[in-house]
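Values below: every heavy atom of this structure, side chains too, minus hydrogens, waters and symmetry copies. Counting starts at 1 for both ligands and their atoms, following the listed order.
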Amino acid sequence: MLLGKTIVVTGISSGIGARVGELAAALGADVIGVDVNLPAALLGAFVKGDISSAASIADLAGALPSRFDALCNVAGVSGVSGAVDTLAINFYGLRALSEALAPRLREGGAVVNVASIAGYGWRANLDRAKAFVDAPGFPDIAALLERFAVPDGEGYPLSKELLLLWTMQAAHQPLFRARGVRVNAVSPGPVTTPILEEFRQVFGNPRVDEDIARVGRAGAPADVAPAALFLCSDGARWINGANLPVDGGLEASINASVLGF
Ligand SMILES: NC(=O)c1ccc[n+]([C@@H]2O[C@H](COP(=O)([O-])OP(=O)(O)OC[C@H]3O[C@@H](n4cnc5c(N)ncnc54)[C@H](O)[C@@H]3O)[C@@H](O)[C@H]2O)c1
């Protein structure tokens, strides 16, 4: 499915990113992993890099190749480090890296963003999401958080709301669309990786356990990786600006509760 393609995967050193990298290699891709931490096992090429600031992204971009087929934006943090840090990594850094690398993606290439069911509230919080997404580059995140009175503990869901909104926008930005580069998202529900324990600190055990109970079990990285790689593949050539829930039915269940059907 991915034979001969070169795929850059951020967050390769743990959880979902590690499985995306392994599966992409098994499906014939050349994988270039990116992470702030070293991977336990080296799989293909690896570039150590941090997506949390403009300067570190410039360094990272300098170490990545001039041509490749897909960018899988998997790296992310849980929110335990505070809202400023979380927005810098999960949204502004992800977007800055994608924009920096867009000209290197081959015609017909793909960007896949790992968002989350936690971003479900983007429609309900649309004005706020628009203001954060409209701010270019790395804005003054603390000032934006203060303007919208966002509590420190809500950085994670906010970061994923912004990512879902931007995924739709980016699909139509000339930077991507003019060269046939598709931009899509997958939104996992709770997945058993190191970040899940941190979610328990941020959101509390009852919330995490209720989400798991709604669908019968937590996901595994191997449940998410095939969906992300499908969106990288030519089989998804007519899918653009979409968000694919990969959550065992959690979003459907929440829709039923929220919309009352
Ligand atoms: N596990 C879940 O329950 C779940 C649910 C929904 C969405 N997600 C999303 O999936 C993605 C992957 O999460 P995971 O579950 O594999 O977690 P994880 O903690 O296992 O992996 C995250 C990886 O991102 C890397 N990373 C963190 N900050 C970075 C930075 N500044 N620069 C470069 N790399 C950085 C980490 O080193 C780590 O290897 C995240 O975006 C997360 O928000 C996870």
Side-chain angles (χ1 to χ4, degrees), residues 8-23 32-41 43 46-61 63-64 71-82 84-98 100 112-120 138 155-164 167 185-203 205 207-209 211-212 215 217-225 227-228 243-248 250-251 254:
V8 173
V9 181
T10 73
I12 194 101
S13 298
S14 181
I16 296 169
R19 188 61 197 142
V20 167
E22 283 165 15
L23 185 59
I32 302 171
V34 170
D35 206 293
V36 72
N37 292 314
L38 292 175
L43 169 103
F46 175 74
V47 178
K48 193 169 189 292
D50 178 359
I51 63 163
S52 68
S53 74
S56 57
I57 287 168
D59 288 347
L60 178 55
L64 288 169
L71 170 65
C72 265
N73 284 312
V74 191
V77 291
S78 65
V80 283
S81 54
V84 171
D85 189 52
T86 303
L87 286 174
I89 294 168
N90 290 9
F91 179 62
Y92 291 111
L94 181 159
R95 182 178 69 175
L97 181 70
S98 305
V112 177
N113 300 318
V114 177
S116 172
I117 185 65
Y120 182 87
F138 276 89
Y156 183 81
L158 175 59
S159 72
K160 299 300 186 178
E161 290 173 17
L162 308 184
L163 186 53
L164 289 171
T167 297
V186 296
S187 282
V191 177
T192 306
T193 72
I195 218 176
L196 190 59
E197 287 313 305
E198 294 187 5
F199 288 151
R200 290 185 176 281
Q201 288 174 45
V202 178
F203 301 118
N205 282 324
R207 162 79 192 278
V208 173
D209 290 336
D211 281 355
I212 293 171
V215 295
R217 67 166 172 90
D223 294 321
V224 181
N243 173 40
L244 178 58
V246 186
D247 60 9
L250 181 56
E251 181 171 328
I254 292 173

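Nearest-heavy-atom check against atom 30 (C) of ligand 1 across N37, D50, V34 picks out D50.
For K160 (side chain) and V114 (main-chain N/O), a donor-acceptor pair under 3.5 Å exists by modelled atom type.
Partners of F199 under the ring-ring contact (aromatic ring centres under 6.0 Å, His included) rule, at least two apart in sequence or in another chain, are Y156, F203.
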Please tabulate, for the side chains in residues 187-198, all donor-acceptor contacts under 3.5 angstrom to protein atoms that are two or more places apart in sequence or on a different chain.
{"from": "S187", "atom 1": "OG", "to": "S116", "atom 2": "N", "distance (Å)": "3.3"}
{"from": "S187", "atom 1": "OG", "to": "N243", "atom 2": "OD1", "distance (Å)": "2.8"}
{"from": "S187", "atom 1": "OG", "to": "N243", "atom 2": "ND2", "distance (Å)": "3.4"}
{"from": "T192", "atom 1": "OG1", "to": "G219", "atom 2": "O", "distance (Å)": "3.4"}
{"from": "T193", "atom 1": "OG1", "to": "I195", "atom 2": "N", "distance (Å)": "3.3"}
{"from": "E198", "atom 1": "OE1", "to": "S78", "atom 2": "OG", "distance (Å)": "2.6"}

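In terms of protein heavy-atom proximity, atom 44 (C) of ligand 1 is closest to I16 CD1, 3.9 Å. Closest to atom 3 (O) of ligand 1 among all protein heavy atoms lies V191 N, 2.7 Å. Nearest protein heavy-atom contact of atom 20 (O) of ligand 1 is S14 OG, 2.5 Å. Of the protein's non-hydrogen atoms, V77 CG1, 3.6 Å is the one closest to atom 28 (N) of ligand 1. Of all protein heavy atoms, the one lying nearest to atom 34 (N) of ligand 1 is V36 N, 3.4 Å. Scanning the protein for heavy atoms near atom 11 (C) of ligand 1, the closest one is V74 O, 3.0 Å. Distance from atom 22 (C) of ligand 1 to its nearest protein heavy atom, with residue and atom name: G76 O, 3.7 Å. In terms of protein heavy-atom proximity, atom 14 (P) of ligand 1 is closest to T193 OG1, 3.5 Å.
Close to ligand 1: G189, with a non-hydrogen atom less than 4.0 angstrom away. Residue contact annotation: T10 has no non-hydrogen atom under 4.0 Å from ligand 1. Look at E198 and you'll find every heavy atom at least 4.0 Å from all atoms of ligand 1.
Near G49, meaning under 4.0 Å from one of its heavy atoms, ligand 1 places the atoms 32 (N), 33 (C).
N73 and S98 share a donor-acceptor pair across their side chains, judged by distance under 3.5 Å alone.
Salt bridge status for R217 with D223: present, with a side-chain N to carboxylate O gap under 4.0 Å.
Note: an N/O pair closer than 3.5 Å links I51 and ligand 1 by distance alone.
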